[in-house]
Amino acid sequence: MPTMTEVVQQLNEEYYSRIEQIQAENPHDTLELSSNSGSSTTVNNWREILPVYAVKTAADPDNGMDVATLDDTKVGILRSIFWDMNKLTIG
């Protein structure tokens with residue numbers, strides 16, 4: 001079972017990899033990155049992501065789960081919340 005620190009690091013790496021992929025797939029002369037946190041290459045909203053994850057997993061009336069341990073299902077839930085809260089777009 002992975003630790004929360006390991007999963008956070010993995011999701012951060014997925015985020016950075018996706019930014020690099022977007023850059024490589026979209027030729028450009030100028031690149032402008034922006035985010036609500038001011039730094040688009042750093043994920044700064046883990047303080048918001050983790051409480052949403054905790055409520056979503058523990059408060060589910062049909063299938064409540066503990067938040068102290070992680071398994072593939074819980075990592076999937078956390079990954080989904082992460083990407084919902086850290087969208088990358090090309091514009």
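Note that these values count all heavy atoms, side chains included, but never hydrogens, waters or copies made by symmetry.
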**Student:** Identify the two heavy atoms, one from Phe82 and one from Val43, that lie closest to each other, and give their separation to 0.1 Å.
**Tutor:**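 Smallest heavy-atom distance, with atoms named: CE1-CG1, 3.6 Å.
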
**Student:** Can you give the donor-acceptor pairs under 3.5 Å from side chains of residues 46-57 to other protein atoms, not counting sequence neighbours?
**Tutor:**
{"residue": "Trp46", "atom": "NE1", "partner": "Asn12", "partner atom": "OD1", "Å": "3.0"}
{"residue": "Thr57", "atom": "OG1", "partner": "Tyr53", "partner atom": "O", "Å": "3.0"}
{"residue": "Thr57", "atom": "OG1", "partner": "Ala54", "partner atom": "O", "Å": "3.3"}

**Student:** Please confirm whether the backbone N or O of Gly76 pairs with a side-chain atom of Ser80, one donor and one acceptor, at under 3.5 Å?
**Tutor:** no

**Student:** State the CG-CD1 distance between Asp60 and Ile77, to the nearest 0.5 angstrom.
**Tutor:** 8.0 Å

**Student:** Does any part of the side chain of Val7, heavy atoms only, come nearer than 4.5 Å to the side chain of Arg79, both counted from C-beta?
**Tutor:** no

**Student:** Which is it for Tyr15 and Leu88 under the side chain to side chain contact (heavy atoms under 4.5 Å, CB included) test, yes or no, and what are the steps along the way?
**Tutor:** CA-CA 9 Å; Tyr15 180 81; Leu88 295 173; 3.6 Å; yes

**Student:** Under the side-chain contact (heavy atoms from CB on, under 4.5 Å) rule, collect the residues that match up with Thr3, sequence neighbours excluded.
**Tutor:**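 Thr3: side-chain contact (heavy atoms from CB on, under 4.5 Å) contacts with Thr5, Glu6.
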
**Student:** If the condition is side-chain contact (heavy atoms from CB on, under 4.5 Å), which residues does Asp72 pass it with, not counting sequence neighbours?
**Tutor:** none

**Student:** What are the two closest heavy atoms between Asn45 and Met85, and how far apart are they?
**Tutor:** ND2-O, 3.2 Å

**Student:** Measure the CD-CD1 distance between Glu14 and Ile19 for me, rounded to the nearest 0.5 Å.
**Tutor:**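 With rounding to 0.5 Å, CD (Glu14) is 12.5 Å from CD1 (Ile19).
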
**Student:** CZ of Arg18 to CD of Gln23: how many Å apart, nearest 0.5 Å?
**Tutor:** 11.0 Å

